[in-house]
Amino acid sequence: MVYQSLYRRFRPQTFSEVIGQDHLVAALRNAVIEERVGHAYLLSGPRGTGKTSTARILAKALNCVEPSGDGEPCGSCDSCANFESGTSMDLVELDAASNNNVANIREITANAALGSPGNRKVYLLDEVHMLTAAASNALLKTLEEPPDHVIFVLATTDPQKVLPTIRSRTQHVELALVAPELLSLHVEQIAKRAELEIDSTVIDYVVERGSGSVRDTLSALDQVVTAGGIPEHRGSADALVNAIVAQDLAESMAAVAETVAAGVDPKDLAYRTTRKLRDIFLAGAGVNSGEATAEELPELAEKAGEMTRAVNVRALELLGQALVDMRQAPDPRLVLDLALVRLFARASDSQQPQRSTKSASQTQSPSGGPAAQARAALASTQITDEPEATGVDSVESVVPPPPPSQEAAAADSVESVVPPP
Ligand SMILES: [Zn+2]
């Protein structure tokens with residue numbers, strides 16, 4: 001039997017199954033109930049948050065033969081069955097990333113005028129910002145005078161790149177990253193439906209790895225299931241952490257290369273390294289993150305003494321951002337390498353090595369005690385969960401921005417390391 005990913009197996013089939021997008025779902029359900037669905041919607045948001053799933057449910061609800069009256073599709077009529085098996089003629093999906101030219105759009109718009117078996121025909125154009133200018137203009141013409149029974153749903157991860165004239169012809173709805181609590185609940189329910197036995201450690205792990213994306217969260221769960229547990233790469237981040245503590249760029253990149261070659265996923269490496277650097281930061285302030293054992297604490301505190309607090313915080317900040325960027329990147333390892341380059345391009349900011357005792361850290365940072373620093377450090381590691389982390393300000397205040405000349409020098413050295421595309 002071919003293994004079907006959990007995300008595909010448990011794709012939401014009704015509006016109420018879409019999680020974390022209440023405003024969008026409520027608006028569409030009401031539009032279906034009141035029969036005033038618009039001719040064009042633009043759904044924007046990070047990948048894996050429900051843009052295409054929602055568009056499919058809308059098409060399904062509009063063509064349901066026996067609608068229940070609450071805006072939801074019935075799920076059992078012939079039309080609904082066709083939608084669930086992916087064979088409905090009332091939904092046309094186009095991936096604009098690979099079909100981005102004017103001929104692709106003309107083909108769609110020419111057919112749009114023709115009738116279809118159901119009530120309404122829905123065209124779902126995914127990654128619509130990838131259309132060429134000519135294709136965008138061809139689409140715009142159709143959006144200006146859409147056939148009566150046709151609805152366009154345009155989905156994009158990058159709404160700023162969509163022609164403003166197209167945006168103004170659509171109802172634009174933004175989808176948000178899904179909150180960790182909602183994702184935890186979702187993972188728990190999916191596990192139950194799939195008859196998987198998982199504990200809270202697995203749930204926490206996959207939710208962190210998913211960073212607010214339902215798809216990425218369930219992919220992480222797929223990986224855990226396939227591997228028979230959370231990948232046991234304990235210690236896999238040690239080489240990289242040691243190289244960062246030693247502030248050695250070449251050694252850091254070598255550590256990444258070796259660890260990845262040994263089969264560790266770059267995202268997993270970045271995640272573990274960030275956690276370890278956080279533990280080091282907290283140990284330097286005399287705080288246990290709760291994840292370090294009593295035996296590990298002295299070693300962590302020693303590492304904190306070897307690296308400056310500024311480098312430690314900067315590393316947390318850059319790796320936290322790298323974790324977010326890696327989700328969209330075709331080559332996640334490159335993102336990690338670049339984060340390291342940026343880290344050491346600015347390492348000249350470094351000040352006195354931090355001490356491992358409480359009092360020393362307090363005298364060094366009059367602006368905040370260990371608790372405030374701990375919050376700042378935690379905020380750095382939580383950037384993956386909350387794009388607008390509340391602690392960012394306090395992190396900024398720990399690391400003074402470099403003067404413009406250093407900024408320029410840093411940018412230069414980044415460019416010199418990156419090969420031209
Ligand atoms: Zn139905």
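Please read these numbers as outputs of a predicted model, since none were measured by experiment.
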**Asked** With a cut-off of 6.0 Å (strictly less than), are more than 12 heavy atoms of other residues, nucleotides or ligands near CD of Glu35?
**Response** no
- Query: Is there side-chain contact between Ile57 and Pro12, with heavy atoms separated by less than 4.5 Å?
  - Reply: yes
Those residues at least two apart in sequence (or on a different chain) that pass side-chain hydrogen bond (donor to acceptor under 3.5 Å, both in side chains) with Lys276 are Asp238
Tested for side-chain hydrogen bond (donor to acceptor under 3.5 Å, both in side chains) against Ser53, the lone hit among Arg11, Glu17, Arg215 is Arg11
Taken to the nearest 0.5 Å, the spacing of Thr132 OG1 from Asn101 CG works out to 6.5 Å
Side chain to side chain contact (heavy atoms under 4.5 Å, CB included) with Asn119: of Val65, Leu62, Asn63, only one passes, and it is Asn63
Review point. With a cut-off of 6.0 Å (strictly less than), are more than 12 heavy atoms of other residues, nucleotides or ligands near CG of Asn288?
Key: yes
Residues at least two apart in sequence or cross-chain that pass ring-ring contact (aromatic ring centres under 6.0 Å, His included) with Phe83, listed by chain then number, are none
The residue among Thr156, Leu163, Ile166 that forms side chain to side chain contact (heavy atoms under 4.5 Å, CB included) with His129 is Thr156
By salt bridge (charged side-chain N to carboxylate O under 4.0 Å, His left out), Arg56 pairs with (sequence neighbours left out) Glu93
**Message:** Parallel, tilted or perpendicular: which one describes the rings of Tyr123 and Phe152, with boundaries at 30° and 60°?
**Reply:** parallel
The side chain to side chain contact (heavy atoms under 4.5 Å, CB included) partner of Leu336 among Val260, Leu318, Val256 is Val256
For Arg167, look at atom CZ and say whether over 12 heavy atoms of other residues, nucleotides or ligands are found less than 6.0 Å away. yes
